[in-house]
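We use all heavy atoms of the structure for the numbers below, so side chains are in, but hydrogens, waters and symmetry mates are not. The structure displayed is predicted, hence computed values, not measured ones. Here is how names work: the chains are called A, B, and so on, in the same order as the sequence lines, proteins then strands, and each is numbered from 1.
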Amino acid sequence: MADVLLRDVRKRYGAQEVIHGVSLELKHREFIVFVGPSGCGKSTLLRMIAGLEQISDGEILIGGRRVNDTPPGDRGVAMVFQNYALYPHMTAADNMSFGLRNIGTPRAEIEERVAAAARTLQIEHLLKRRPSEMSGGQRQRIAIGRAIVRRPNVFLFDEPLSNLDAALRVQMRVELVQLHQRLDATSIYVTHDQVEAMTMADRIVVFRDGRIEQVGTPLEVYRTPANTFVAGFIGAPKMNLLETRVTAASTGRVEVALPGGRAELAVDGRALASGASVTFGVRPEHLRRTAGEGVFRGQVKALERLGRETLLHVTGTDGASLIATDTGDSPVRIGDTVALALEPGSGRLFGGNGAALPPAAASAA
Amino acid sequence: MNRTFGDRLILVLVIGAAFVWMMPMLWVLSLSLRPNEELVRSTAGILPWPKTLEHFATLLRVSLTPRWLLNSVIVAFGMTALTLLLSSLAGYAFARIDFPGRRAVFLLVMAGLMIPEQAILVPLHAMLADWEMHNTYFSLIAPRLAGPMGVFLMTQFFKAVPRELEEAAELDNASRLKIFWSVMLPLSRPALTTLGIFTFLFAWNDFLWPVVTATQPEMYTLSVGLGSLQGNFAMSEGLGFLMASAVFASAPMVILYVVFQRYIVQGITLTSGK
Amino acid sequence: MTVTSVQDAGSRPHGLARYRDALSGYAFLAPFLAFYAVFLLYPFGLGLWMSLHDWEIVGDYREFIGLLNYQELWDDPYFWEALKRTLQFAAITAPAATVLGLVLALALNGPLRLHGALRAVFFASNIFSVTVVTLVWSMVLNPDRGLIANGMRAVGLEPIAFLADQDWAMPALVVTTLWWVAGFPMALFLAGLQQIPPEVYEAARLDNASRWAVLRRITLPALARTTLLVVVLQTVMHLQVFGQPLLMTRGGPANSTRPLVQLIYETSFRDWRSGYASTVSVVLFVMMFCVALLQFRLSRQEGD
């Protein structure tokens, strides 16, 4: 079993604190993605789990064992680095077996494990080559192979795909998830790319400025972002966020004013007074062009034709602007005025501090 | 067209200059191959006709030259091996190990770059005289291991090695010594080669300190021995012999140069701290 | 067990791991530091100490005499003569080597194999030891059977005894030294030239710049830093001149080529006056220190 438990983990450099008390419980065999903008502390936290950075405060448990003072090699973790960090003077096989040799694994077993890993990753033909004789994708596989042969309880990935070209990245994404499912281990994967987070994770942990903003499955995080930061970070194009005012509020219903209309949301409005400042959030795919009234009316300033769909950049009379999706063959042209309707049950409201307001259902329960 | 003409003219001029440049060495080489009777008659010309190897034979038979060659080999290889070892160990510590006082110690060591050998020549001599260590391999080698240049080079080199490599090794259960020996040292082969060649060249050509510490002819290096010959031989009698000894002493350097020219020229930019 | 220092807390493994890290740091450093302390720091201090003594190289005679050595130095005509000759030698050789190196580098910075071969030729003389170089040039300059004498006779001139002539001895040493070292500045200038981006030259060609204009307006300004470095390195190097005069002229004729290092050498190892020799060493060290300091100041200014 390899649950990973973080209890109020903090990291300080001198007087400056960069990780502000992170608590997290990862279950055995889970694929967890840490995502956030650069400098949010996600890599630092990963390196603390690996033992490459000291834990200033709090504790980390792996498989129930406190590892704060355990050297990296003894934590039962393996790591795949962003730039692969392969030993350039060793062959692929030597790269993969170095760790096993260091702990005195019998030669026969080393060979067997390397061969097995090579088979899994289809890199048998590369074993005698050095890193300099391989492509980026091949190096990546060797780096993963090096992690696999150690049979770790926890795999740590530090932005492992960011040095690959786009096509290869998509392919490796799928392969890594398949690999994870075959292995009996927990995976922690760090990335700044929300697409990787959405496509790979069992659960996503969104970080900002050394704090967790939200933990949840990809769909939870996408559909019910906990705050405006998560709403803006997850999803591409990102969620539209409009500053607005409450026009009417009750227990299970809140109405807000939008340029050219009003939107009604199933949100617990008991704490809201009429006229309070809120942020209205809606995903582009939940806004549809309509011939009727709609919740938003504005002029099309730009079009992005993606083939499958068309993104409309619409600016309202008060200057507020948002993005809506339309069909791939949308007849809309720049300069047209369009009305947009809100798909029933969609849309989200965030209070003055940016946190999402609780849905009406929650208060009814 | 004007451009090409200019380029050609320059090339012709430098080719001429290169011949003049090589002339002294070629002439000495030719003198070393001519019999004495011929040398008494004339030293003109570059082509060694008639030619002979008798001077080289004499050199190896009657003089201390073989012994000096042995001394030079021992000193040069010893100094090179030890410099590489000490410099890479210290350079690694400065570049990658966090210990209290690291910055201060590093500055103290780099300050040593400012101290020229002449400034410590006399006290060094007094010190080794006290220990009664003159005329030993120890005294020929040890004082030269104190120079900080190698440490500086290796520190710079190790600093440029990606940290992830060490971290990967740490995750691979490698100890400090293991990381140094199995990961960092193999990686630093280019730097070690450059430093090694320069140390070897320096050791082989070293003159000021060896001439001070080695006073018994048995302990001369080739460089010192050759210097002593210059004073002791009347030019007319042993001219061919003298020229042969010059050729003999420089031959290893020429070979080294031909083989490692690329490293030597690269190394110059490194050692000048550019 | 914990030796976590306050400011550093958090930057690296703490507790036992940190303690072990510090220990291994010292262990890696210890071998070099031992040699450094014993064979560089200690002698340097000892040298300063000796310069305050009447100290004989052999025997136990050492008497503290304060600054008397320095006072004697001030009144010593041999010291001033040696200082003058040293400065003279460095003042001619360093700029000459710089210019020669620059000219060679400019002429040989080409892509052809021939360029490479020629670079190798000019650099090659750098690898010989001072004894080989002086032996070769003593012979070349020899008035009876030297290469130059042979040539002069061939055109009907009377050979000159370069090394025995007060006017010719110093220039002869300079030429010998230039032949020996010029490849070094050449290599540095070549490295500097390689760093000039080729686009700059292409742009200049589109601007119809002449060869001379390109040299003056682009190449030479780009080599300013290299030039400073070369001048300093060469100056420091030639202030230490020793082997060439010792082996070729023995400092003569009439001490006209005796530099400071030779004065140190002879005062200590021929006259046995180690205290006084140390005093001269200190002066030499201060001179070289000043040159290095000057370079530091200049390169700082240029960095702005």
When only pairs under 4.5 Å are counted, which of B/L82, B/L86, B/T83 shares the most heavy-atom pairs with chain C?
B/L86
Report which part of C/T134 has an atom under 4.5 Å of a heavy atom belonging to chain B: side chain, backbone, both, or neither.
both
Check each atom of C/L112 against the heavy atoms of chain B and say whether the ones under 4.5 Å are side chain, backbone, both or neither.
side chain
Which region of B/I10, side chain (C-beta onward) or backbone (N, CA, C, O), has a non-hydrogen atom less than 4.5 Å from a non-hydrogen atom of chain C, or is it both or neither?
side chain
Does C/W212 have more than 12 heavy atoms from other residues, nucleotides or ligands lying within 6.0 Å of its CH2?
no
Portion of B/A126 that has a non-hydrogen atom of chain C nearer than 4.5 angstrom
side chain
Contact leader toward chain B among C/F285, C/F269, C/F289, C/F122, where contacts are heavy-atom pairs under 4.5 Å
C/F122
With a 4.5 angstrom heavy-atom cut-off, which part of B/V105 approaches chain C: side chain, backbone, both or neither?
side chain
Could you look at B/V254 and say if it's the side chain, the backbone, both or neither that has a heavy atom under 4.5 Å from chain C?
both
Polar side-chain atom of C/Y36 near backbone of B/G112 as donor-acceptor pair, under 3.5 Å:
yes
At a 4.5 Å cut-off on heavy atoms, which part of B/V28 comes close to chain C: side chain, backbone, both, or neither?
side chain
Ranked by heavy-atom pairs below 4.5 Å to chain B, first place among C/A34, C/G47, C/A124 goes to C/A124
Greater than 12 external heavy atoms within 6.0 Å of B/F138's CZ:
yes
Would you compute the distance between atom CG of C/L48 and atom CD1 of B/I120 and round it to the nearest 0.5 angstrom?
11.5 Å
Looking only at atom types and distance, does a side-chain atom of C/T131 sit under 3.5 Å from a main-chain N or O of B/S223, one as donor and one as acceptor?
yes
In terms of heavy-atom pairs under 4.5 Å, which option from B/L121, B/V109, B/L128 contacts chain C the most?
B/V109
Contact summary for C/S129 and B/N205, nearest pair of heavy atoms
CB-OD1, 3.0 Å
Before you tell me yes or no, could you show the steps for B/W27 and C/M139 under side chain to side chain contact (heavy atoms under 4.5 Å, CB included), namely the whole-Å CA-CA distance, both residues' side-chain angles and the distance that decides it to 0.1 Å?
CA-CA 10 Å; B/W27 182 62; C/M139 199 53 218; 3.6 Å; yes
Could you look at B/Q118 and say if it's the side chain, the backbone, both or neither that has a heavy atom under 4.5 Å from chain C?
both
Non-hydrogen atoms of C/G25 and B/F99 that approach each other most closely
CA-CD2, 3.8 Å
Specify which of B/L222, B/T215, B/V224, B/L108 makes the most heavy-atom pairs with chain C at under 4.5 Å.
B/L108
Rounded to the nearest 0.5 Å, how far does CG of C/L247 lie from CG of B/L226?
8.5 Å
When rounded to the nearest 0.5 angstrom, what distance separates CG in C/L118 from CD1 in B/I15?
5.5 Å
Leading residue by heavy atom contact count with chain B [cutoff under 4.5 Å; candidates C/V140, C/L284, C/V236]:
C/V140
Can you pull out the residues in residues 272-280 of chain C with any heavy atom less than 4.5 Å from chain B?
C/S274, C/A277, C/S278
Which pair of heavy atoms, one from B/A142 and one from C/F35, lies closest together, and at what distance?
O-CD2, 3.7 Å
C/F44, part contacting chain B, at a heavy-atom distance under 4.5 Å
both
Please identify each residue that fulfils salt bridge (Lys or Arg N to Asp or Glu O under 4.0 Å) with B/E117, with sequence neighbours left out.
B/R144
Heavy-atom pairs under 4.5 Å with chain C, option from B/A17, B/G91, B/A93, B/A18 with the top count
B/A18
Applying a strict 4.5 Å limit to non-hydrogen atoms, the region of B/L13 in contact with chain C is neither
What part of B/W21 gets within 4.5 angstrom of chain C, counting heavy atoms only: side chain, backbone, both, or neither?
both
Please state whether the side chain, the backbone, both or neither of C/L260 comes within less than 4.5 Å of a heavy atom of chain B.
neither
Can you tell me if B/F202 has over 12 outside heavy atoms packed within less than 6.0 Å of its CZ?
yes
Quick check on C/W137 against chain B: is it the side chain, the backbone, both or neither that has a heavy atom closer than 4.5 Å?
side chain
Measure the acute angle between the ring planes of B/F180 and C/F28, then classify it against the limits of 30° and 60° as parallel, tilted or perpendicular.
perpendicular
For B/I115, is it the side chain, the backbone, both or neither that has a heavy atom under 4.5 Å from a heavy atom of chain C?
both
Can you label the angle between the C/F39 ring and the B/W131 ring as parallel, tilted or perpendicular, going by 30° and 60°?
perpendicular
Looking at CZ of C/F128 and OH of B/Y257, how far apart are the two atoms once the value is rounded to the nearest 0.5 Å?
9.5 Å
Could you check B/V122 against C/W55 for side chain to side chain contact (heavy atoms under 4.5 Å, CB included), going step by step and ending with a plain yes or no?
CA-CA 11 Å; B/V122 175; C/W55 187 307; over 6 Å; no
C/L239, part contacting chain B, at a heavy-atom distance under 4.5 Å
neither
Of the listed C/V283, C/L246, C/I148, C/V132, the one with the largest count of heavy-atom pairs under 4.5 Å with chain B is C/V132
Under a 4.5 Å cutoff for heavy-atom pairs, which residue among C/L40, C/L46, C/I127 has the most contacts with chain B?
C/I127
Which bit of C/L114 is near chain B, if near means a heavy-atom gap under 4.5 Å: side chain, backbone, both or neither?
side chain
If I measure from the heavy atoms of chain C, does B/S245 come under 4.5 Å with its side chain, its backbone, both, or neither?
side chain
How far apart are the closest heavy atoms of B/M127 and C/P43, and which atoms are they?
SD-CG, 4.3 Å
Rounded to the nearest 0.5 Å, how far does CZ of C/R145 lie from CG of B/L239?
5.0 Å
Can you tell me how far CZ of C/F32 sits from CG of B/L89, rounded to the nearest 0.5 angstrom?
11.5 Å
